[in-house]
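This report refers to the structure that appears directly beneath it.
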Amino acid sequence: MPKALILANSSSGLFDFRNELLTGLMEEGFEVVLSLPDDLKVKELTDEGCRVIHTDINRRGVNPVQDMALFGAYKRLLKTERPDIVITYTIKPNIYGGFASRLLGVPYISTVTGLGSTFERGGILLKLIVAMYKVSLKGCRCLFFQNEYNHQVFEKHGIRGKKAVVVNGSGVNLDKHRFEEYPGHKDDVTRFLYIGRLMKEKGTEELLYAAKKAHEEYGDKVSFAAVGYSEEDFEDQVKEAEASGYFKSIPYQKDIHPYIKEADAIVHPSYHEGMSNVLMEAAATGRPVITTDISGCKEIVEKDVSGILCEPRSKEALYKAISEFMGMSLQKRANMGKAARNHVEQKFDRRSIILTYINEIKEIIK
């Protein structure tokens, strides 16, 4: 039985967005071993037949001691498990897992799920990250990108694997995120929903500004809520917004579908994305989206047909888009939702994306 070892930084991310790859590999006769830093979705993963090994990861920041410990942990894991192929996701597993795999001669594939803030800020840290990526991904048998822009940025910096493939993100499970009829709220309140961490790079400053201004303009006819944790930098601002009555913060939820179902529109003012899973799930449910005109978001939206695109990092542009949506009839909003579902059915069906991965994996270990 061939063995696939998957290195990732989140059990929920792996289960929610890549679970079909795990089950697909098992159907192909693979033993699937997962290296994860948390236990949020470990029960669901083990119930399906995966074996999970705990590996600590500091997801944010650069701590040389912790990062070298992660590299050492990956090396020991590879020597113990002796996998036929290693599959890595996100920055630190890609870098340290990729380097360990290359060092030990184990075939590996990696997925760039986004660039992170370092590529925007530049400076010495960017030079360091680029150098580390070049070393770790040089032996990567297939380097997957979730949008063409990310691919071009890596090419510009000379970061290459042996092969590059661009896919439409992680895709969306169209059965799990089924189409829901557009809500017709009896209270005539338009409900805007944000899903994800409340942090600067996700546009939280712009979101809070737009929510406050919309409440000043439309009063009780508008509602803003966010599902997800707040980063420390925004905890006080979010609490103040809640106390003022124009924003509601809801803790992370394992099942997000019921919240999307009740929303009139999903708001996602992100600064950078690989390919936004939030937007794909919202569109699959039949909800219009208001998001920034950036790679990783704009591909999921047919402009002014299934959603509204606005300038990134602009408070006024986000508010203008929300105001535009407030002026739409219920029928136009519902039509946007139907168009959103049709768009993801045509371009973002997860089954076709998973098939691309499995075919590459089978070819590599053949």
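Under the 6.0 Å cut-off for aromatic ring centres, His272 and Phe119 do not qualify, their centroids lying 6.0 Å or more apart. Ring centers of Phe247 and Phe224: at least 6.0 Å apart, outside the cut-off.
Side chains of Asn359 and Glu363: no donor on one and acceptor on the other come within 3.5 Å. Judged purely by distance below 3.5 Å, without hydrogens or angles, the side chains of Arg18 and Thr111 never pair a donor atom with an acceptor atom. With no hydrogens or angles considered, a side-chain donor-acceptor pair links Asn173 and Glu20 at under 3.5 Å. Under 3.5 Å, the side chains of Asn19 and Glu44 contain no donor-acceptor pair of N or O atoms. Using modelled atom types and a 3.5 Å distance limit, the side chains of Ser110 and Thr88 yield a donor-acceptor pair.
Applying the side chain to side chain contact (heavy atoms under 4.5 Å, CB included) criterion to Leu128, with sequence neighbours excluded, gives Leu125, Met132.
Atom CG of residue Asp304 and atom CG of residue Leu309 lie 7.5 Å apart, to the nearest 0.5 angstrom. Interatomic distance, CD of Glu201 versus CG of Leu115, reported as 11.0 Å (0.5 Å rounding). Going from atom CZ of Arg82 over to atom CG of Leu104 covers 10.5 Å, rounded to the nearest 0.5 Å. Distance check, rounded to the nearest 0.5 Å: CG of Leu22 to CZ of Phe30 gives 12.5 Å. The line from CE of Met280 to CD1 of Ile266 is 14.0 Å long, rounded to the nearest 0.5 Å. To the nearest 0.5 angstrom, Leu193 atom CG is 9.5 Å from Tyr259 atom OH.
Within 6.0 Å of NZ on Lys41 lie more than 12 heavy atoms contributed by other residues, nucleotides or ligands. Taking a 6.0 Å sphere around OH of Tyr149, one finds it holds 12 or fewer heavy atoms contributed by other residues, nucleotides or ligands. Shown here is Lys248, whose NZ atom has no more than 12 heavy atoms of other residues, nucleotides or ligands within 6.0 Å. The environment of NZ in Lys176 is crowded: more than 12 heavy-atom neighbours from other residues, nucleotides or ligands sit within 6.0 Å. For CZ of Arg51, the number of neighbouring non-hydrogen atoms (other residues, nucleotides, ligands) closer than 6.0 Å is greater than 12.
In plain terms, the two heavy atoms of Ala282 and Val289 that are nearest each other are CB-CG1, 3.9 Å. The shortest heavy-atom contact between Ala4 and Ile87 is CB-CD1, 4.4 Å. Nearest approach of Pro312 to Ser270, heavy atoms of both residues: CB-O, 4.5 Å. Tyr194 approaches Arg197 most closely through the heavy-atom pair OH-O, 2.5 Å. Heavy-atom minimum distance, Leu7 versus Pro93: O-CB, 3.6 Å.
The side-chain contact (heavy atoms from CB on, under 4.5 Å) with Asp264 is formed by just one residue from the set Val189, Val222, Thr190; it is Thr190. The only member of Glu155, Glu148, Lys156 that meets side-chain hydrogen bond (donor to acceptor under 3.5 Å, both in side chains) when paired with Gln152 is Glu148.
Residues Val32 and Leu14 are members of one and the same hydrophobic cluster, defined by side-chain heavy-atom contacts under 4.5 angstrom among Ile, Leu, Val, Met, Phe, Trp and Tyr. The same ILVMFWY cluster, assembled from side-chain heavy atoms under 4.5 Å apart, contains both Ile364 and Tyr89. Hydrophobic cluster membership is shared by Leu103 and Met68, with clusters built from Ile, Leu, Val, Met, Phe, Trp and Tyr side chains linked at under 4.5 angstrom.
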Next on the checklist: Between Leu279 and Cys297, is the side-chain contact (heavy atoms from CB on, under 4.5 Å) condition met? List the steps.
Outcome noted: CA-CA 7 Å; Leu279 296 186; Cys297 292; 3.8 Å; yes

Next on the checklist: Set out, in order, the CA-CA distance, both residues' side-chain angles and the distance that settles side-chain contact (heavy atoms from CB on, under 4.5 Å) for Asp233 and Met199, then state yes or no.
Outcome noted: CA-CA 7 Å; Asp233 294 349; Met199 55 190 293; over 6 Å; no

Checklist entry - Going through the checks in order, is the side-chain contact (heavy atoms from CB on, under 4.5 Å) test met by Ile109 and Glu360? => result CA-CA 9 Å; Ile109 66 173; Glu360 287 290 343; 5.6 Å; no

Item to check | Full working for side-chain contact (heavy atoms from CB on, under 4.5 Å) between His177 and Ile256 | outcome: CA-CA 9 Å; His177 296 282; Ile256 200 65; 4.3 Å; yes

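Note: Tyr96 and Phe71 have tilted aromatic rings, judged against thresholds of 30 and 60 degrees for the angle between ring planes. Aromatic ring orientation, Tyr357 versus Phe144: parallel (interplanar angle below 30°, classes split at 30° and 60°).
Two residues are said to be in side-chain contact when any heavy atoms from C-beta on lie closer than 4.5 Å; Arg350 and Phe17 meet this criterion. Taking 4.5 Å as the limit, some side-chain heavy atom of Lys134 sits within range of a side-chain heavy atom of Val130. For the pair Glu81 and Ile53, the minimum side-chain heavy-atom distance is below 4.5 Å. For the pair Lys254 and Tyr252, the minimum side-chain heavy-atom distance is below 4.5 Å.
Contact check on Glu262 versus Arg287 returns no salt bridge, with no Lys/Arg side-chain nitrogen under 4.0 Å from an Asp/Glu carboxylate oxygen.
Seen from the ring of Tyr108, Arg102 does not count as a face-on cation partner, given the 6.0 Å and 45° thresholds.
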